[in-house]
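Keep in mind that what you see is a predicted model, and the values were worked out from it rather than measured. Below, read A as the first sequence line, B as the second, and so on, with proteins coming before strands; counting in each chain starts at 1.
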Number of protein chains: 2
Amino acid sequence: MALGSEFDIIRRYFAPLSEAAPGAYGLGNDAAVWRPADGCEAVITTDCMVAGVHFLPDDPPATVAAKLLAVNLSDLAAMGAKPAVYTIATAWPKDMDENWIAAFASGLAQAQAAAGVTLVGGDTVSTPGPMVLTLTAIGEVRSRMALPRGGAKVGDDVYVSGTIGDAALGLRVLRGELTPSDKTVGGYLIGRYRLPTARSTLGAGLAGLATAAIDVSDGLVQDLGHIARESGVNIVIDRDDIPLSVALKSALDGNQTLWDSVFAGGDDYELAFSAPPKAKDAILELANSSGTKATRIGIVGEASSGGPEVRVFDADRQIVPVGRQGYRHF
Amino acid sequence: MALGSEFDIIRRYFAPLSEAAPGAYGLGNDAAVWRPADGCEAVITTDCMVAGVHFLPDDPPATVAAKLLAVNLSDLAAMGAKPAVYTIATAWPKDMDENWIAAFASGLAQAQAAAGVTLVGGDTVSTPGPMVLTLTAIGEVRSRMALPRGGAKVGDDVYVSGTIGDAALGLRVLRGELTPSDKTVGGYLIGRYRLPTARSTLGAGLAGLATAAIDVSDGLVQDLGHIARESGVNIVIDRDDIPLSVALKSALDGNQTLWDSVFAGGDDYELAFSAPPKAKDAILELANSSGTKATRIGIVGEASSGGPEVRVFDADRQIVPVGRQGYRHF
C-alpha cells in the first residue's frame, strides 16, 4: 500500500488514539491543551528511537510502538509520576509501507489503553534516512513529591523491581550471539527486550516513600551510579540478591560470563530506588498491590574517599568485578 | 572535532540551557517537573525537522536551532498560549562535527533567551541517516481560553500578522529559482525563511479576543481553509489587503506568478485569526504593543453550498484563482 499524505495518515491512524482527550482536538489544532490535577505538577520526558539503532528493522511494528511508549512511561515512573498524555513525532522513510504504519498505530492503541494514557499531538514527516520515532510523555505528580536521583541517604535500602538482565540477553539471542537450549527461554528473553513494561503503578506509589529512583535503561550498575553520584553516597549491592528470571538463571548456568548482562545490560526498564528501612513494609505492600515484584538488593553507605561508587559483593563478601559500566545500544 | 559521548554532549552544550528551570535538574534526571501558573492549563506541541527536507544541510546551525524553536512557539502562539519550557530530541549522524553541535546549541541559547523559554529535557541519539530534530514546546493559557480553529463566526473579521509570502520566496532564492536584482531583497527573503519569528506576545494576547487562530505554516489559503472547515464557514479575502513586504512587492513587480507564493507558500509562521468587529481596536492596540503588525484581510461569511471554502477577490471583485492550495516542503 502506498503512503497517503501526512493529513490522511494522521486522520486515519492517529486521530482515533486522541479521542479520550478533548484537549487534543482530534489532532486538528496547532497544539493540545491539558492540565495536571489540582495540587499536582506536570512531569515531562522525551525519548527517541532510531531504526537499526534502538530497534531492529524487522521487529514487529506493534512492539516497536509499545516499546517507544514504555521507555517514556518508565522515565515518568522513575519520577514517581502517573502518566497522562503524550505526543509522537514520526519521521518515516519515503518508501514506507502503509501496512507498517497501520500495525504500528494499532500497537500504540493497545499500549496506550493498557497504560491509561492518550495521544494528544505530534508531527508526521518523511525522511530519506531510517525511521526516527520521538515520543514526549507527560504525567503528573503531587507538588514537590517528584523522586530525585540525588536523595539517597546513608542507611537507606536499595531495591529493584522485576528481574534484571533479561532484555540484554534477549538482544543477544536476537543477534544470534546466544542460543539457549530451551526455546521457551529464548522467547521469554526476546519478549523482555522487545516489550518492556513500565512500572507505572509502582513508580507513582513510590512518590513519598522512596528517597531516590531511576529506571534501569543503561545497565544496573551504571544507573545506580547516577543515584550514587547525585546523592554523594556509595551503593553496595549483594550480587546474590539481584532478582533474576528463571530464563536468565538457566542461561547463566551454562555461561557465567553472562553476569555481565545483569550488571551492565540495559533496556530492562525496571525501577531501581532507595528508601529508608522503615518504609520496607509499605514498599513490599505497594509492590504486591502493583503486581510488580520489588527486591531489596543492597544498601546505601558513605561515599568512598575516591568519590561515590557502586560496589557489588558476592556471598563470600568479595568484590565482584562488574566489567564495563556503560551500556551501548547495538 | 570528534563527537563526544551522549553524556558529554548533553553536559557541555545542553545542560547550561536548562539552568533557569530548577525542575529540569540540570538535565540530570529521568524527566522534568513543571507546572502551569494557577488558573492556567498546559498547551503542548511537537514539531520535527529533517535535514534536507525541512532545512538545507548547509543552513547555519544557529538558524536551524532558532527555526526549530520558532516553529513550535508559533504553534503555541496560535493557541493563545505563553511559551514556557521545551524538550529537544536530536538524532545526529555518526560523522557529525561537534562544532556544528556547539553552534546549534549556541543558537538555541540565544533563541530561548529571546523567547523567554527554558530547555528542560530531551534525548540525544545517533542515526545512520540525516539529522532529525524534534522539539516539544509547552506553554500555558488561562483555563478554557485556548484559541480553537473551529470558533470563527459569520461576520468576524479575518486578520494576519506581519507580511505573507516572504519565506516561500526566500526558499526559491536559496534554491536558485529566483534571483532578485537587488541583493538586499534576496537577503531579506532568505532571512524570513531561515529565521521566522513566532508571534508569541500577539498570540498570548489574542486569547479572549480572537475567535479562531492558526499559524501560517503550510500556506495562507490552506491554513485559513482549516479555520473555514473546522468552523463551518467561508473565509473571503481581499487580495490587495494581504500585507506584503517591500522586498516581496519588488519581486512581484517583475513576476506576477509569484502571487502563488503569497497564497500557497508556507513557512511564514505568521498568525491568521478571526475576531468580531468590536474587537478591532483592542487587536490593533495589542498588535502595536507587541511590535507586530496585524492587518485585516477579509471577513467570515456563510459556508458555500458545496461546503466551507476560502475565496480570494481582487480589487474588481473578481475571484482570484489561488493555484495549488497545498504547500510541500522541498
Side-chain angles (χ1 to χ4, degrees), chain A residues 5 23 25 28-36 40-50 52-54 74-79 81 85 87-91 120-130 132 134 136-139 141 143 146-150 213-215 226 230 326 329, chain B residues 5 23 25 28-36 40-50 52-54 74-79 81 85 87-91 120-130 132 134 136-139 141 143 146-150 213-215 226 230 326 329:
Chain A
S5 79
Y25 301 90
N29 211 332
D30 296 282
V33 177
W34 170 81
R35 63 175 299 166
C40 285
E41 297 173 301
V43 180
I44 306 149
T45 188
T46 294
D47 272 307
C48 184
M49 292 184 6
V50 180
V53 181
H54 302 89
S74 180
D75 283 324
L76 295 186
M79 298 294 290
V85 296
T87 67
I88 186 168
T90 55
V120 296
D123 198 7
T124 300
V125 300
S126 71
T127 171
V132 179
T134 308
T136 296
I138 304 183
V141 67
S143 293
L147 295 173
R149 287 180 175 179
I214 195 169
D215 71 328
H226 290 302
E230 299 279 330
H329 294 277
Chain B
S5 79
Y25 302 90
N29 211 332
D30 295 282
V33 177
W34 170 81
R35 62 175 299 167
C40 285
E41 296 173 300
V43 180
I44 306 149
T45 189
T46 294
D47 272 306
C48 184
M49 292 184 8
V50 180
V53 182
H54 302 88
S74 180
D75 283 325
L76 295 186
M79 298 294 290
V85 297
T87 67
I88 186 167
T90 54
V120 296
D123 198 7
T124 300
V125 301
S126 71
T127 171
V132 178
T134 308
T136 296
I138 304 183
V141 67
S143 293
L147 296 173
R149 288 179 175 179
I214 194 168
D215 70 328
H226 290 303
E230 299 278 331
H329 294 277

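For the pair B/T127/A/V53, no side-chain contact is recorded, criterion being any heavy-atom separation below 4.5 Å from C-beta on. Proximity of A/D47 to A/D75: side-chain heavy atoms (C-beta onward) are separated by under 4.5 Å at one or more points. At a threshold of 4.5 Å between non-hydrogen side-chain atoms, the residues A/D30 and B/R149 count as touching. Two residues are said to be in side-chain contact when any heavy atoms from C-beta on lie closer than 4.5 Å; B/V141 and B/M79 fail this criterion.
For a residue to count as touching a neighbouring chain, one of its non-hydrogen atoms must lie under 4.5 Å from one of that chain's; by this rule A/I138 touches chain B with the side chain only. Contact annotation for A/S74: neither backbone nor side-chain heavy atoms come within less than 4.5 Å of a heavy atom of chain B. Contact annotation for A/A213: only backbone heavy atoms (N, CA, C, O) come within less than 4.5 Å of a heavy atom of chain B. At a 4.5 Å heavy-atom cutoff, the contact between A/A91 and chain B is made by side-chain atoms alone. Interface remark: A/T134 contributes side-chain atoms only to the contact with chain B (heavy atom separation under 4.5 Å). For A/V132, the part sitting under 4.5 Å from any heavy atom of chain B is the side chain, from C-beta outward, and nothing else.
Highest contact tally toward chain A, considering only B/G129, B/G121, B/P36, B/G28, is held by B/G28 [criterion: heavy-atom pairs under 4.5 Å]. With chain A as the partner, the residue from B/V43, B/T90, B/T124 showing the most heavy-atom pairs under 4.5 Å is B/V43.
Between the CG atom in A/L147 and the CG atom in A/L76 there is a gap of 11.5 Å [rounded to 0.5 Å].
The minimum heavy-atom distance linking A/G139 with A/W34 is given by the pair O-CH2, 3.6 Å.
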